[in-house]
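Chain letters run A, B, ... following the sequence lines, proteins first, then strands; residues in each count from 1.
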Amino acid sequence: MGKLTIGTFSSLVGSLSLDFSVKLAEAAVKKGHKVDFWMSGNATMLAKKGQKAFKDYSYLSKTIQEMIATGNFNITACEACAEARGYHKEDCPDGFLRKSMDWYLASTFEADRVLHIGGD
Amino acid sequence: MGKLTIGTFSSLVGSLSLDFSVKLAEAAVKKGHKVDFWMSGNATMLAKKGQKAFKDYSYLSKTIQEMIATGNFNITACEACAEARGYHKEDCPDGFLRKSMDWYLASTFEADRVLHIGGD
Amino acid sequence: MATKKLAFVVRSLPYKTEASRLALTHAISSQTVEIYLNDGDLVEASVSYVSDGVFNILKNQQGGKHYGITTNEGHAKNTLLLDLKVLICKEDLDKFGLTGENLVMDADDLGGDMKANIVPYSEIQKEMETADHLLFC
Amino acid sequence: MATKKLAFVVRSLPYKTEASRLALTHAISSQTVEIYLNDGDLVEASVSYVSDGVFNILKNQQGGKHYGITTNEGHAKNTLLLDLKVLICKEDLDKFGLTGENLVMDADDLGGDMKANIVPYSEIQKEMETADHLLFC
Amino acid sequence: MKLAVLMSDYRTGADVLERLSAEKLGIILVGNGVYHATVKEGGKACPILDRKADFYALTEDFETRGFTAANLDSRVKAVNYGDVVDLIFNDYEKVIWL
Amino acid sequence: MKLAVLMSDYRTGADVLERLSAEKLGIILVGNGVYHATVKEGGKACPILDRKADFYALTEDFETRGFTAANLDSRVKAVNYGDVVDLIFNDYEKVIWL
């Protein structure tokens, strides 16, 4: 089994790029791989507590919590990107970490594959 | 003097499209026009209290508060879009309203010009 | 007593961004705008699909099945159910090899009467000219 | 004791999205990554500019003056100050009529030694081949 | 109609712009749209500038990207945010964002 | 190198893809990239498909957009998320997102 590091920089709702990254992580975790999931820029929108589920919008919290429960999934938001958006420590969902950008670079060190999803 | 309604749907940080819309509103208000400013989709990121100013990110709160103080500037976020992102009533900055989408349509009724900034 | 005409012009692909979906939901919200207006005043929205925007109204979108979201197909159907005028650019359909068969052309199954119209671009240009405001996305 | 090589490849225009700016800030953060690693282990980042990405390193960007933000020019200079390897695609500069004179080529004014290199695309291809991971944006 | 188009992108939207017709057309280059006025690809100016229209580019946005008014194609006039407001209210009836 | 490209857009990125070379190249169409496999403009298939590469399209994404496997160009194979994970780990050494 391998390790996949995914870096996401796109936005939550409306952009299915972020949904893609979560679904890919889910498929990898289900196959027994380890996944590190990094959110920077607008992707930190995923790292906000209390998101209400609407039919019009994808809702990723449940999938993420299930992945966290496996122990093979780390999810970390860029702290500065979160603060710039007004997301403070207490806004961070359970099981999510907040770190500086070097966490992402460090995660690539032992990763077998890195997928950097750069744009919105 | 006229009325300009601006609808913004793009995201806050990194996308200078939202900065554009705020600066355009500011220029219009300074010339004595009335401006209604609607935020939907990812543009509701502007409607979150407690955003920390970083040099790397544009910081629009001060400009907006100055415009609100003139009495010629209404700023309203799509309520459902905000809730989907985990922004609740208490997260809404002072002077901002939260409404359903028909507020925007109604605002166009008396607008002399409407600028709909559709994309991310 | 006045009516203001808004022309939504959908020109972007669905799903990658929110642009086209939000155009449709905002167009639909014209149905409840009277609560903010004086008696007799109206805001009337039309929706035109041009360029890549025509892909928003393909039938059989499976966004619910795969991503748990409502589809743009569903929103497009709602615009018809609510009797909004809908125009689809014929030249763009031809370019992509699409016909009315591939597209959401009515809301019959929901009990709607309105049909979408496949028209030359020149008709969409006219719609823009008669509208008070244009909302591209 | 190992070194992992990351190749950031900047191919998008600045400012409209965060993509290129965040590529640069993340590349720079390789400088502090050792706190997470074992002694002697390293992550080494290079930055290559291709296609529209070359516009990120134009000189005299006035983002601070007009929008109160740091510029991508400033970030590009920091990559040089911190001794990251920087490659710029010559064919793309030629296409856009740009030369090294227009671009951030060094961080001399900040006391840096590293210079950016204008190279044929084939050199950037080689950089990708020798890297462990590719980060496009 | 008198139509002002705020052109905000460099790589998309040209197909839509091409077909728009107006008695009076103003194309205001903002955001990444300013590259249309400042960049010659393969030595050639952007074909958008061949349209029969009045062209403007937002100073704040081309300067942010490292250009000066001297880099603008001769058909394009530099404007600031205040000018854009005046153009929208005084010279055109409708305004769109591409 | 053995390179997998996740192509996520329809209107941008082709210029970058065109120049990438790899001994083994896989192009996985995801998101709005699926239009490359499902749409013929003016009756012509997308030129990207002429590359010497293995082509895949993500079923979840083309179905979301109203297409079925029957709409795919014959050079493109339908895959699901699990298949993409296997491709990335087993068939390629590096992976990028365009």
A.B. asks: Is it the side chain or the backbone of E:Asp9 that comes within 4.5 Å of chain B heavy atoms, both, or neither?
C.D. replies: neither
A.B. asks: Quick check on the interface: out of E:Leu98, E:Val84, E:Ile88, who has the most heavy-atom pairs with chain B under 4.5 Å?
C.D. replies: E:Ile88
A.B. asks: What do you reckon, is NZ of E:Lys24 surrounded by more than 12 foreign heavy atoms closer than 6.0 Å?
C.D. replies: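 Yes.
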A.B. asks: Inspect the surroundings of NZ in B:Lys55 and state if more than 12 heavy atoms from other residues, nucleotides or ligands are less than 6.0 Å away.
C.D. replies: no
A.B. asks: What do you reckon, are the aromatic ring centroids of E:Trp97 and B:Phe20 less than 6.0 Å apart?
C.D. replies: yes
A.B. asks: Checking E:Tyr56 now: which residues fulfil ring-ring contact (aromatic ring centres under 6.0 Å, His included) with it, not counting sequence neighbours?
C.D. replies: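 In terms of ring-ring contact (aromatic ring centres under 6.0 Å, His included), with neighbours along the sequence ignored, E:Tyr56 is linked to no residue.
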A.B. asks: What's the shortest heavy-atom distance between E:Gly82 and B:Ala27, and which atoms?
C.D. replies: N-CB, 4.0 Å
A.B. asks: Do you know which of B:Asp112, B:Val114, B:Ile117 has the most heavy-atom pairs under 4.5 Å to chain E?
C.D. replies: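 The option with the most such pairs is B:Ile117.
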A.B. asks: Looking at E:Ile96, E:Thr64, E:Asp86, E:Asp61, which makes the most heavy-atom pairs under 4.5 Å with chain B?
C.D. replies: E:Asp86
A.B. asks: With side chains defined as the heavy atoms from C-beta onward, is the minimum distance between E:Phe89 and B:His33 less than 4.5 Å?
C.D. replies: yes
A.B. asks: Measuring from B:Ser21:OG to E:Leu6:CG, what's the distance to the nearest 0.5 Å?
C.D. replies: 11.5 Å
A.B. asks: Counting only non-hydrogen atoms closer than 4.5 Å, does E:Val30 touch chain B with its backbone (N, CA, C, O), its side chain (CB onward), both, or neither?
C.D. replies: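 Side chain of E:Val30 only, per the 4.5 Å heavy-atom cut-off to chain B.
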A.B. asks: Could you state the interatomic distance from CD (E:Glu60) to CG (B:Leu16), rounded to the nearest 0.5 Å?
C.D. replies: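 Reported value, rounded in 0.5 Å steps: 12.0 Å.
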A.B. asks: Got a second to check how far E:Glu93's CD is from B:Arg113's CZ, nearest 0.5 Å?
C.D. replies: 7.0 Å
A.B. asks: Might you point out which heavy atoms bring E:Val85 and B:Ala28 nearest each other, and give the distance in Å?
C.D. replies: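 Residues E:Val85 and B:Ala28, closest heavy atoms: CG2-N, 3.6 Å.
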A.B. asks: Please classify the contact between B:Lys31 and chain E as side chain, backbone, both or neither, with a heavy-atom cut-off of under 4.5 Å.
C.D. replies: side chain
